[in-house]
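Below you'll find the structure, written out as structure tokens, and then a few comments.
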Amino acid sequence: MRLHPQPTAGTARPWAFPAPERGGLPNGLTVLRSHRPGQRVIAVEVNVTAPLAAEPADQEGVATIMARALSEGTDRHTAEEFAAELERYGATLDAHADHPGLRVSLEVPASRLDKALGLLADALRAPAFAESEIERLVRNRLDEIPHELANPGRRAAMALYDALFPAESRMARPRQGTAESVARIDAKAVRAFYEAHVRPAAATAVVVGDLTGIDLDAALADTLGAWTGPAAGRPVWSQVTADDTGRVVIVDRPGAVQTQLIIGRVGPDRHDPVYPARRLGIYCLGGTLTSRLDRVLREEKGYTYGVRAFSQVLRSRADGAGAALLGIRGSVATEVTGPALEDLWRVLRELAEGGLTDEERDSAVQYLVGVAPLSFETAAAVAGTLADQVEEELPDDYQATLYARLAETGTVEATAAVVQAFPADRLVTVLVGDAEQIAEPVRALGIGEVTVVGG
């Protein structure tokens with residue numbers, strides 16, 4: 001039998017995140033473009049600074065209804081006609097609202113880019129906001145809310161935000177509004193929020209894909225360039241404040257066979273120089289099946305199918321008024337809730353005492369840096385990341401330099417960053433589960449005062 005030699009890896013090819021070209025239109029719209037040969041599906045992302053904090057207090061959720069209504073008819077097409085036109089061009093258009101503002105996403109074959117840009121421009125320039133459509137969207141949103149409250153993961157996140165942030169903060173309340181606030185939204189309220197915030201001077205369009213043979217300047221001038229509106233005043237962002245006093249909130253679900261857990265606190269956003277080290281450290285703690293949390297809670301103890309540590313930007317600002325949620329989430333069987341939390345805290349304390357190993361750090365760098373080229377194979381992935389950078393007020397070369405910074409980060413720096421992110425005595429824990437069974441075992445752990453609230 002003839003044996004073939006084991007294949008060996010070839011020489012690594014240099015890779016860099018695509019650099020965008022920055023420009024603008026006479027109406028004040030900022031444009032970032034990135035030519036990606038071979039990507040014949042063009043991705044367009046439009047960011048508009050229309051923060052949730054600007055919603056009227058009694059109509060929270062109006063930004064979400066407005067975002068959903070953008071594709072429900074314009075001054076040129078009814079909702080049905082607009083959907084048919086998108087289908088004709090092979091395009092998809094989605095919009096959503098979050099704390100920093102509105103995001104509208106378009107994907108379309110390159111050969112039909114100009115037609116789809118026209119639809120996108122119409123949606124932003126002259127949405128119909130027909131009363132019947134707004135009423136339908138409000139009903140749909142009201143139907144969604146009970147399902148969200150019944151979902152243990154969503155309910156845990158809501159309770160964590162409510163516990164972390166002061167009552168007057170918009171971040172303390174659901175992004176898409178409550179049943180009470182959504183019920184007050186009508187077409188007039190949607191139109192008022194749109195007219196107050198959605199304008200080209202407050203927007204940035206990111207266009208990524210194979211632009212060969214496309215006169216993008218002409219296509220933009222005829223579509224998004226025809227969008228008019230007043231100059232945009234820069235919003236005043238209040239400092240994000242949060243209370244990370246160690247404590248436990250149990251959302252009671254009598255009879256639950258599992259406990260959904262989310263543990264968190266608030267830290268700096270991606271402008272902080274420590275971010276690359278924190279990303280490495282969090283990956284080592286709970287970013288993969290081989291991380292410390294999974295090794296103990298899943299492999300050794302069999303408490304869970306998986307526990308993950310994460311960092312999620314809530315709002316990012318170059319002026320320092322941003323913040324990120326640093327968290328750990330997962331679910332465990334009801335009867336092992338106490339032991340699972342005890343072991344989780346043991347992992348955090350041992351990490352603080354002994355630090356990460358060089359092997360853990362090296363494995364994390366190899367994965368995070370090595371997977372980057374695969375993560376940005378599509379135009380949509382590149383466009384989404386560039387739009388995130390715009391939204392977070394990061395420089396255009398941020399992603400391009402991030403991987404070099406990750407590779408340069410040592411074990412000591414990664415350890416210090418993750419320990420700072422998750423100090424064992426400064427974490428807010430939310431548990432959605434059967435309070436009668438889990439409250440006393442959790443109190444015995446001494447990780448903070450325990451409060452039980454209704455589910």
Not counting sequence neighbours, which residues clear side-chain contact (heavy atoms from CB on, under 4.5 Å) with Ala163? List them please.
Arg247, Val249, Val428
Side chain to side chain donor-acceptor pair (under 3.5 Å) pairs, two or more places apart, involving residues 277-289:
Arg278-Ser311
Pairs satisfying side chain to side chain donor-acceptor pair (under 3.5 Å), at least one member in residues 404-422, at least two apart
Asp358-Thr411
Non-neighbouring partners of Asp143 that pass side-chain hydrogen bond (donor to acceptor under 3.5 Å, both in side chains), sequence neighbours left out
none
One should read off an interatomic distance between Phe129 CZ and Glu72 CD, to the nearest 0.5 angstrom, of 11.0 Å
Taking atom types as modelled and ignoring hydrogens, do the side chains of Asp122 and Thr74 form a donor-acceptor contact shorter than 3.5 angstrom?
no
Which pair of heavy atoms, one from Thr204 and one from Leu29, lies closest together, and at what distance?
N-CD1, 4.1 Å
Starting at CG of Asp396, measure out to CG of Leu386 and round the result to the nearest 0.5 Å.
7.5 Å
Set of side-chain contact (heavy atoms from CB on, under 4.5 Å) partners for Ala110, sequence neighbours left out:
Arg40, Ile42, Ile214
Which residue pairs pass the side chain to side chain donor-acceptor pair (under 3.5 Å) test with at least one member in residues 180-190, sequence neighbours excluded?
Thr178-Glu180, Thr178-Ser181
Non-hydrogen atoms of Ala97 and Leu52 that approach each other most closely
CB-CD2, 4.2 Å
Any chance you could measure Arg112, atom CZ, to Leu86, atom CG, to the nearest 0.5 Å?
12.5 Å
Phe376 vs Val208 side-chain heavy atoms within contact, under 4.5 Å
no
Between Arg315 and Asp269, does a salt bridge (Lys or Arg N to Asp or Glu O under 4.0 Å) hold up when you go through it step by step?
CA-CA 7 Å; Arg315 192 180 74 203; Asp269 63 25; over 6 Å; no
In the structure I gave you, are the side-chain heavy atoms of Arg173 and Asp162 within less than 4.5 Å of one another anywhere?
no
Donor-acceptor check, side chain of Tyr194 to backbone of Leu124, threshold 3.5 angstrom: yes or no?
yes
Rounded to the nearest 0.5 Å, how far apart are CG of Leu160 and CG of Leu164?
4.5 Å
Looking at Gly433 and Ile250, what are the two nearest heavy atoms and their distance?
O-CG2, 4.4 Å
Considering all heavy atoms, the nearest Ala159-Val251 contact
CB-CG2, 3.9 Å
Taking all heavy atoms of Glu393 and all of His271, pick out the closest pair and write down the distance.
O-CE1, 2.9 Å
Do Glu377 and Arg36 pass the salt bridge (Lys or Arg N to Asp or Glu O under 4.0 Å) test, and can you show the C-alpha distance, the side-chain angles, and the key distance before you say yes or no?
CA-CA 10 Å; Glu377 284 189 318; Arg36 304 292 294 151; over 6 Å; no
Heavy-atom closest contact (Ile185 atom, Val190 atom, distance):
CG2-CG2, 3.8 Å
